[in-house]
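Reminder, nothing fancy here: chain letters follow the sequence lines and each chain counts from 1.
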Amino acid sequence: MSELRVRFAPSPTGYLHVGGARTALFNWLLAKNKGGTFILRIEDTDVERSTKESVDAILEGMKWLGLEWDEGPFYQSDYFPLYKEHVQKLLDSGKAYKCYCASEELDTKRNLAMQEGRKPKYDGTCRERAEQPDGQPYVVRFRAPQGGVTAFDDLIKGTITFPNEELDDLIIQRTDGTPTYNFCVVIDDASMRITTVIRGDDHVNNTPRQIQLYEALGFPVPQFAHVPMILGSDKARLSKRHGATSVIAYRDMGYLPEALLNYLVRLGWSNGDDEIFSREEMVQKFDIGNVGRSASVFNTEKLNWLNAHYIKNGDPERLADLLLPHLSVREVTTLNGPDLMVVVRTLQERAQTLEEMAERAVFYYNAPLSYDEVALAKFDKELLLSVFSAVMEKLSKVSEADVSGIDALFKEVCNENGWKMGQVGQPVRIALSGGTQAPGIGEIVVTLGIEETIRRIQAAREFVAGK
RNA sequence: GUCCCCUUCGUCUAGCCUGGCCCAGGACACCGCCCUUUCACGGCGGCGACACCGGUUCAAAUCCGGUAGGGGACGCCA
């Protein structure tokens with residue numbers, strides 16, 4: 001194991017969304033690639049908004065994607081004493097001070113500053129305050145360095161420099177005594193000996209403040225890698241109004257974890273012209289330096305293509321298992337029908353998602369209750385009747401059959417009666433599945449079995465005859 | 001408003017560091033053709049971009065400067 005230690009630190013205020021998942025993926029990949037350690041930490045210092053349900057949802061999403069962590073999950077709420085201790089240390093050394101300004105007052109000042117086009121930073125009222133009023137509520141502020149600049153070499157974006165005058169004295173402890181985010185992250189990352197912080201680039205602006213804290217606390221400063229945001233089709237930050245953003249929602253819509261992972265890894269990262277990456281390949285080829293600097297738009301079409309690819313090449317047995325829940329929401333039971341694995345094989349090349357596959361699989365288990373009348377109307381009633389009869393006649397003479405045998409049988413029927421394949425195949429397909437979009441005739445017949453096939457053709461024949 | 005970041009086909013991107021092999025390559029989508037008993041799969045082809053303006057250079061997508069556009073941050077949220 002190398003010294004590399006990374007972490008994914010979501011705040012439990014919702015489910016795991018695709019942006020978070022990609023950040024987690026990049027962390028995981030770097031850890032696996034370098035033989036490092038991947039840590040999961042739950043940032044629940046905001047007691048108001050953090051929920052157990054969210055924690056569970058995040059863990060569920062991580063597990064589904066197979067992003068297993070080596071240490072944790074750790075909860076920041078378990079470390080309040082540790083943070084307190086460090087706040088005290090800064091207070092004692094004069095690197096932090098108590099601020100008695102009322103929050104409403106600060107809000108007013110901030111708004112005023114923005115309106116007047118000034119920097120909305122803390123004005124330092126309590127910075128040099130001599131007397132310490134007793135019993136007054138206060139927050140603790142970090143005494144930020146005044147002049148100079150704070151810079152860091154971002155692994156993705158390169159050198160980023162901030163003038164220190166842009167940074168004000170941030171609050172590290174609230175009136176109620178709880179520590180704030182920017183402070184906790186620093187303490188945690190330092191105590192967990194994180195070497196590389198990979199996170200969304202909405203944190204770029206927090207980085208200089210955190211670096212100053214590391215320095216004030218005497219901790220080594222880790223490396224940073226800020227990954228660009230994921231946008232919706234309108235180039236605005238991806239959100240619910242763009243459609244599903246939850247990883248679990250993608251699972252429920254019938255996406256395979258390897259497809260989502262493959263999609264996510266290519267969103268912002270590349271390895272030449274390669275598009276398809278197995279888990280092992282991405283681990284082997286991942287290089288944080290190849291992550292792009294600009295935001296990218298989430299594109300469901302491409303995700304669909306990848307999902308179709310993985311369905312096409314997936315193991316039928318596994319797909320059958322994964323398909324089951326999608327079938328049961330349709331109240332389809334596979335007990336009295338064909339082997340689901342066989343069904344899957346006939347559908348693999350035709351489905352982009354498991355939902356779609358389930359939809360197309362229904363007819364195998366539930367004989368059609370109605371037929372595609374428009375498609376049926378393209379054929380003569382008399383032709384339909386004779387085709388159905390001829391096919392049943394032929395079918396009744398075979399007991400066992402394979403796909404090529406059935407295909408040959410249909411050709412025979414055509415030849416003997418002077419029909420074209422389209423005149424025979426299509427009606428039978430409608431008789432068997434109810435519609436026109438289905439696997440090859442041979443595949444359906446073999447999967448359904450001769451007996452059931454005849455039964456369905458008979459039913460269709462009666463339907464046509466009765467018209 | 002201030003600060004930070006970003007800018008190659010509609011979308012994801014290669015190329016940029018180490019100028020010439022790039023009148024810019026791949027993929028998704030789209031359009032055509034082929035295959036075909038349907039729907040798909042597959043095969044072949046097409047459409048389509050270096051944000052803009054200047055500079056450096058024999059030569060710039062690549063280096064430099066500026067402009068414009070987009071995003072992010074500015075919380076006792078994380």
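- Nearest to the side-chain atoms of A/Ile160 among the listed nucleotides B/C5, B/A78, B/U13 stands B/C5.
- Residues passing the ring pair (Phe, Tyr, Trp, His ring centres under 6.0 Å) test with A/Phe80, sequence neighbours excluded: none.
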Could you list all N or O pairs between the protein and nucleotides 14-24 of chain B that sit under 3.5 Å apart?
residue: B/A14; atom: OP1; partner: A/Ser270; partner atom: OG; Å: 2.7

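- Under the salt bridge (Lys or Arg N to Asp or Glu O under 4.0 Å) criterion, A/Asp407 pairs with no residue, sequence neighbours left out.
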Check nucleotides 35-42 of chain B for protein N or O atoms closer than 3.5 Å to its own N or O atoms and list the pairs.
residue: B/U37; atom: O2; partner: A/Arg429; partner atom: NH1; Å: 3.3
residue: B/U37; atom: O2; partner: A/Arg429; partner atom: NH2; Å: 2.7
residue: B/U37; atom: O4; partner: A/Asp407; partner atom: OD1; Å: 3.3
residue: B/U38; atom: O4'; partner: A/Gln426; partner atom: OE1; Å: 3.1
residue: B/U38; atom: O2'; partner: A/Thr436; partner atom: O; Å: 3.0
residue: B/U38; atom: N1; partner: A/Arg429; partner atom: NH1; Å: 3.3
residue: B/U38; atom: O2; partner: A/Arg429; partner atom: NE; Å: 3.4
residue: B/U38; atom: O2; partner: A/Thr436; partner atom: O; Å: 2.4
residue: B/U38; atom: O2; partner: A/Ala438; partner atom: N; Å: 3.0
residue: B/U38; atom: O2; partner: A/Ala438; partner atom: O; Å: 3.1
residue: B/U38; atom: N3; partner: A/Arg429; partner atom: NE; Å: 3.3
residue: B/U38; atom: N3; partner: A/Arg429; partner atom: NH2; Å: 3.4
residue: B/U38; atom: N3; partner: A/Ala438; partner atom: O; Å: 2.5
residue: B/U38; atom: O4; partner: A/Gly440; partner atom: N; Å: 3.2
residue: B/C39; atom: O2; partner: A/Arg350; partner atom: NH1; Å: 3.0
residue: B/C39; atom: N3; partner: A/Arg350; partner atom: NH1; Å: 2.5
residue: B/A40; atom: O2'; partner: A/Glu349; partner atom: O; Å: 2.6
residue: B/C41; atom: O3'; partner: A/Lys312; partner atom: NZ; Å: 3.1
residue: B/G42; atom: OP1; partner: A/Lys312; partner atom: NZ; Å: 3.1

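- Using modelled atom types and a 3.5 Å distance limit, the side chains of A/Arg209 and A/Gln212 yield no donor-acceptor pair.
- In the model, A/Tyr15 has a side-chain atom that pairs as donor or acceptor with a side-chain atom of A/Thr245 under 3.5 Å.
- Among B/C12, B/C4, B/A78, the nucleotide with an atom closest to any side-chain atom of A/Thr180 is B/A78.
- At a threshold of 4.0 Å, the pair A/Asp234-A/Arg241 counts as salt-bridged, since one of the basic side-chain nitrogens sits closer than that to a carboxylate oxygen.
- Of the side-chain N and O atoms in A/Ser296, one or more sit less than 4.0 angstrom from OP1 or OP2 of B/U13.
- Of the nucleotides present, none pairs with B/C47 by Watson-Crick or G-U wobble criteria with both distances under 3.5 Å.
- Within 6.0 Å of NZ on A/Lys381 lie more than 12 heavy atoms contributed by other residues, nucleotides or ligands.
- With B/C28, B/A78, B/C6 as the choices, the nucleotide that has an atom nearest any side-chain atom of A/Lys157 turns out to be B/C6.
- Listed by residue number, the members of residues 138-152 of chain A with any heavy atom below 4.0 angstrom from RNA chain B are A/Val139.
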Per-nucleotide protein contact along nucleotides 65-74 of chain B, 5' to 3', at a 4.0 Å heavy-atom cut-off (B base, S sugar-phosphate only, - neither), is ------SBSB

